[in-house]
Amino acid sequence: ETGVTQSPTHLIKTRGQQVTLRCSSQSGHNTVSWYQQALGQGPQFIFQYYREEENGRGNFPPRFSGLQFPNYSSELNVNALELDDSALYLCASSLLTGELFFGEGSRLTVL
Amino acid sequence: QKEVEQNSGPLSVPEGAIASLNCTYSDRVSQSFFWYRQYSGKSPELIMSIYSNGDKEDGRFTAQLNKASQYVSLLIRDSQPSDSATYLCAALSTGNQFYFGTGTSLTVIP
């Protein structure tokens, strides 16, 4: 059984640029959710995808967008990057109302 | 009130002692609760889930849920230095959204 994998693990962008983060879900899981974790804080829910449809969204602006593919992998896209977007971005896979299993995260630094 | 609230600590206990971590939640979350452990620089890993009122034990860990008081706790018996980490309480809302607390930092002193 393969776990959740994310790429890239680290990246540096400048303000105004765009970034795409990728996630492969755990085998058998049909739901992927994305979280932003700032230093010293708990993960904050960005959105969730279930069977390729957005199934819930947290308090994040529209420049945060995503996709889920037929194989249940997912992308998180962030446009017009701001300094405050610097954080650890976590992808988690699950069954729809089940326990979350996290990938190792993508650490984004915006300069 | 935030959906999930935790005391950020830090909490320090001697090796072999019981560590007690607490979490309160609001009416906006459902009755599914989870404890995650996060080592510095790593992603959260699931310790256990609890759905029913009462206690649930798994090895050295016991989760307790009190729905009347809207209170969830995690007890770690025989604490080990390897238990030193941040512990995150999480709850699932009726809209299938997970809410996390800010985490409690635990240090187990050898």
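Lettering follows sequence order; numbering is per chain, from 1.
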Peer 1: Treating Ile, Leu, Val, Met, Phe, Trp and Tyr as nodes and any side-chain heavy-atom pair under 4.5 angstrom as an edge, say whether Trp35(B) and Leu106(B) lie in one connected cluster.
Peer 2: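 Same cluster: Trp35(B) reaches Leu106(B) through Ile, Leu, Val, Met, Phe, Trp or Tyr contacts under 4.5 Å.
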Peer 1: Shared ILVMFWY cluster between Phe60(A) and Phe98(B), side chains joined below 4.5 angstrom?
Peer 2: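 Result: no, two separate clusters.
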Peer 1: Counting only heavy atoms from other residues, nucleotides and ligands, does the tally under 6.0 Å from CG of Asn59(A) exceed 12?
Peer 2: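 Result for CG/Asn59(A): open.
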Peer 1: Any sub-3.5 Å donor-acceptor pair from Tyr36(B)'s side-chain atoms to Leu100(A)'s backbone N or O?
Peer 2: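 Flag set: sc Tyr36(B) to bb Leu100(A) pair under 3.5 Å.
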Peer 1: For Tyr35(A), is it the side chain, the backbone, both, or neither that has a heavy atom closer than 4.5 Å to a heavy atom of chain B?
Peer 2: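 The side chain, not the backbone.
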Peer 1: Looking only at non-hydrogen atoms, find the nearest pair between Leu90(A) and Ser43(B) and report the distance.
Peer 2: CD2-CB, 3.7 Å
Peer 1: Given the options Phe47(A), Phe45(A), Phe101(A), which has more heavy-atom pairs under 4.5 Å with chain B than any of the others?
Peer 2: Phe45(A)
Peer 1: Do Val32(A) and Leu21(A) belong to the same hydrophobic cluster, where Ile, Leu, Val, Met, Phe, Trp and Tyr are linked whenever their side-chain heavy atoms lie under 4.5 Å apart, directly or via other members?
Peer 2: yes
Peer 1: Is it true that atom NZ of Lys2(B) has more than 12 heavy atoms of other residues, nucleotides or ligands lying nearer than 6.0 Å?
Peer 2: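 Counting neighbours around NZ of Lys2(B), 12 or fewer heavy atoms of other residues, nucleotides or ligands fall under 6.0 Å, so no.
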Peer 1: What are the residues of residues 102-111 of chain A, in order of number, with any heavy atom under 4.5 angstrom from a heavy atom of chain B?
Peer 2: Phe102(A), Gly103(A), Glu104(A)
Peer 1: Test of understanding: clusters of I, L, V, M, F, W, Y form through side-chain heavy atoms closer than 4.5 Å, transitively. Do Leu65(B) and Leu74(B) belong to the same one?
Peer 2: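 Looking at the clustering, Leu74(B) is in the same group as Leu65(B).
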Peer 1: Tell me whether Leu67(A) is reachable from Tyr89(A) by hopping between hydrophobic residues (I, L, V, M, F, W, Y) whose side-chain heavy atoms are closer than 4.5 Å.
Peer 2: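 In one cluster: no.
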Peer 1: If you measure from OG on Ser94(A) to CG on Leu92(B), what distance do you get to the nearest 0.5 Å?
Peer 2: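 Nearest 0.5 Å value for the OG-CG distance: 9.0 Å.
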Peer 1: Which heavy atom in Glu99(A) sits nearest to a heavy atom in Phe34(B), and how many Å separate them?
Peer 2: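 Where Glu99(A) meets Phe34(B) most closely, the heavy atoms are CG-CE2, 3.4 Å.
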Peer 1: How about Arg60(B): does its CZ atom have over 12 heavy atoms from other parts shown lying under 6.0 Å from it?
Peer 2: yes
Peer 1: Between Pro44(B), Gly41(B), Gly103(B), which residue shows the highest count of heavy-atom pairs closer than 4.5 Å to chain A?
Peer 2: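 Option with the greatest count: Pro44(B).
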Peer 1: Could you tell me which portion of Glu45(B) (side chain, backbone, both or neither) has an atom closer than 4.5 angstrom to a non-hydrogen atom of chain A?
Peer 2: neither
